S.K.: 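One structure coming up, written as structure tokens, with questions to follow.
Small disclaimer: the values here were computed from a predicted structure and weren't measured.
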Amino acid sequence: MLDVHNIALGYRKNGHLNTVLTDCSFAVEAGKLTSILGPSGVGKSSLLRILAGLDIPLAGTVSLFGQAITQPHADVGFVFQNATLLPWLNVRANVAFGLDFVCRDKLSKGEIQRRVAGALEEVGLQHAAELMPSELSGGMAQRVNLARALAKQPKVILLDEPFSALDPVIRTQMQTLLHDIVRYHNAAAVMITHDIDEALTVSDDILLLGGTSPAKVIGHWQIVSPYPRSDLLSLNDIRLDILRTLKHNQHQTHTNTDELDYTI
């Protein structure tokens, strides 16, 4: 469904082009979730913005069903690290925000209401539709953030460390919810995370970015264990392989990888 081919990204500084990531290629099938790991500065979040059509790569292409994504796309939903809810709108209005933008296909008022109600039900917040953002817990706010993306009925869901600020119990609940939503909608999902265990818990594929500057894909693991994965010990060989690859890369490049969760 989602095809990423030879993406390169970078920025200009003092008249020079600095390439951060190069030759990044992967594909995500419908109903599957790919997690992207890597140290700070390798371009994970920038890559996600390119997949969303928010930025243009230095080279390479991103396509959905063979159609190039070069600008924000109606079939792509983005879930930010922070909920970014509009404080003057209630939950229902926050979820509906953007559905009537002129760049989208025209939706009737009834269709917007139906989509919002369905998205809130999926994330278990139909009872909170009239609440204001200031009345929500962190977990509830992130559920609204996810519902806002779901209301678009996206074919691709992009998530930038969506659960990093949540406590462990709520985080586990949100991981289960995300897994179920990806399967139910048959969407292709890509998630940035610094937590290896989170990647092992929810992913079908894990990509590791790193290497000498510019970075590239230095590891790819497929997770075939059935869900739910309540016992991650069965995936310990993969966890150790990811850690070995990270540490080998760290010794070679002296990259700061402190932000990754190395707990075994």
Side-chain angles (χ1 to χ4, degrees), residues 1-13 17-36 38 41-86 89 93-108 111-112 115-116 119 144-162 178 181-182 185-193 205 207 209 214-217:
M1 177 182 286
L2 180 68
D3 185 58
V4 181
H5 182 67
N6 287 344
I7 288 293
L9 60 92
Y11 60 93
R12 292 192 177 276
K13 184 177 182 180
L17 178 62
N18 295 287
T19 303
V20 175
L21 179 68
T22 189
D23 296 330
C24 181
S25 298
F26 61 95
V28 187
E29 298 177 15
K32 303 292 186 180
L33 187 149
T34 294
S35 288
I36 299 179
V42 297
K44 300 185 299 298
S45 293
S46 297
L47 174 61
L48 210 64
R49 290 180 59 84
I50 288 172
L51 302 187
L54 299 173
D55 290 335
I56 302 298
L58 297 178
T61 59
V62 177
S63 58
L64 177 61
F65 293 121
Q67 298 292 320
I69 296 178
T70 57
Q71 60 185 5
H73 197 288
D75 288 328
V76 178
F78 203 113
V79 180
F80 295 93
Q81 182 175 4
N82 298 313
T84 60
L85 304 181
L86 301 176
L89 298 179
N94 263 288
V95 174
F97 186 77
L99 291 180
D100 57 355
F101 284 2
V102 294
C103 60
R104 295 184 52 85
D105 292 337
K106 182 66 175 178
L107 298 176
S108 67
E111 174 63 12
I112 290 176
R115 288 194 181 195
V116 170
V144 177
N145 193 16
L146 182 57
R148 183 168 52 191
L150 294 178
K152 296 176 64 177
Q153 298 185 351
K155 294 181 174 63
V156 175
I157 303 174
L158 306 176
L159 308 103
D160 192 358
E161 297 188 68
L178 174 62
I181 283 172
V182 170
H185 287 274
N186 203 33
V190 179
M191 180 176 70
I192 303 297
T193 180
D205 290 90
L207 296 179
L209 304 184
K216 59 184 179 180
V217 177

S.K.: Determine whether P154 and D75 make a side-chain contact, defined as any pair of heavy atoms from C-beta on separated by less than 4.5 Å.
M.R.: no

S.K.: Using the test side chain to side chain donor-acceptor pair (under 3.5 Å), find all partners of T61 that sit at least two apart in sequence or belong to another chain.
M.R.: none

S.K.: Tell me the closest heavy-atom pair linking L150 and A119, and the distance in Å.
M.R.: CB-CB, 4.2 Å

S.K.: Does a sphere of radius 6.0 Å around NZ in K155 hold more than 12 heavy atoms from other residues, nucleotides or ligands, not counting ones at 6.0 Å or beyond?
M.R.: no

S.K.: Please find the pair of heavy atoms, one from M1 and one from A30, that lie closest to each other, and give the distance.
M.R.: CE-CB, 3.4 Å

S.K.: V95 and A147: which non-hydrogen atoms are nearest, and at how many Å?
M.R.: CG1-O, 3.7 Å

S.K.: Please report the shortest heavy-atom distance between N6 and S25, naming the atom on each side.
M.R.: N-OG, 2.7 Å

S.K.: Check V28, D160, V156 against V190 for a side chain to side chain contact (heavy atoms under 4.5 Å, CB included) and give me the one that passes.
M.R.: V28

S.K.: Rounded to the nearest 0.5 Å, how far apart are CD1 of I192 and CG of L209?
M.R.: 7.0 Å

S.K.: Provide the closest heavy-atom pair for A149 versus V79 in the form atom of the first, atom of the second, distance.
M.R.: CB-CG2, 3.8 Å

S.K.: Can you check whether D55 reaches S46 side chain to side chain, under 4.5 Å on heavy atoms?
M.R.: no

S.K.: To the closest 0.5 Å, what do you measure between CG (L2) and OG (S63)?
M.R.: 7.0 Å

S.K.: Looking at CG of L158 and CG of L48, how far apart are the two atoms once the value is rounded to the nearest 0.5 Å?
M.R.: 4.5 Å

S.K.: Which residues satisfy the side chain to side chain donor-acceptor pair (under 3.5 Å) test with D3, sequence neighbours excluded?
M.R.: none

S.K.: Would F97 and L86 count as a side-chain contact (heavy atoms from CB on, under 4.5 Å) here? Give the steps.
M.R.: CA-CA 9 Å; F97 186 77; L86 301 176; 3.6 Å; yes

S.K.: Taking only residues two or more places apart in sequence or in another chain, which ones pass side chain to side chain donor-acceptor pair (under 3.5 Å) with T19?
M.R.: none

S.K.: Considering only heavy atoms from C-beta outward, does the side chain of V20 approach that of P214 to under 4.5 Å?
M.R.: no

S.K.: Please round to the nearest 0.5 Å and tell me the distance separating atom CG of L21 and atom CD1 of I7.
M.R.: 8.5 Å

S.K.: Are more than 12 heavy atoms from other residues, nucleotides or ligands located less than 6.0 Å from atom CD of E29?
M.R.: no

S.K.: May I ask you to test the N186-K32 pair for a side-chain heavy-atom distance under 4.5 Å?
M.R.: no

S.K.: Would you mind reporting whether I157 and L33 have side-chain heavy atoms less than 4.5 Å apart?
M.R.: no

S.K.: Could you check whether any side-chain heavy atom of K152 comes within less than 4.5 Å of a side-chain heavy atom of L99, counting everything from C-beta outward?
M.R.: yes

S.K.: Work out which heavy atom in A8 is nearest to a heavy atom in P57; give both atom names and the distance.
M.R.: O-CB, 3.4 Å

S.K.: Could you tell me whether the side chain of L159 reaches within less than 4.5 Å of the side chain of F78, counting heavy atoms only?
M.R.: no

S.K.: Stepwise, does the side-chain contact (heavy atoms from CB on, under 4.5 Å) test hold for Q67 with V62?
M.R.: CA-CA 8 Å; Q67 298 292 320; V62 177; over 6 Å; no

S.K.: Quick one: pull up CG in N145 and CG in N94 and give me the separation to the nearest 0.5 Å.
M.R.: 9.5 Å

S.K.: Under 4.5 Å between any side-chain heavy atoms of M191 and L178, yes or no?
M.R.: yes

S.K.: Could you state the interatomic distance from CG (L47) to CG (L207), rounded to the nearest 0.5 Å?
M.R.: 9.0 Å

S.K.: Assess the residue pair T193 and I36 against the criterion (side-chain contact (heavy atoms from CB on, under 4.5 Å)); give the C-alpha distance rounded to whole Å, side-chain angles, the decisive distance to 0.1 Å, and a yes or no.
M.R.: CA-CA 6 Å; T193 180; I36 299 179; over 6 Å; no

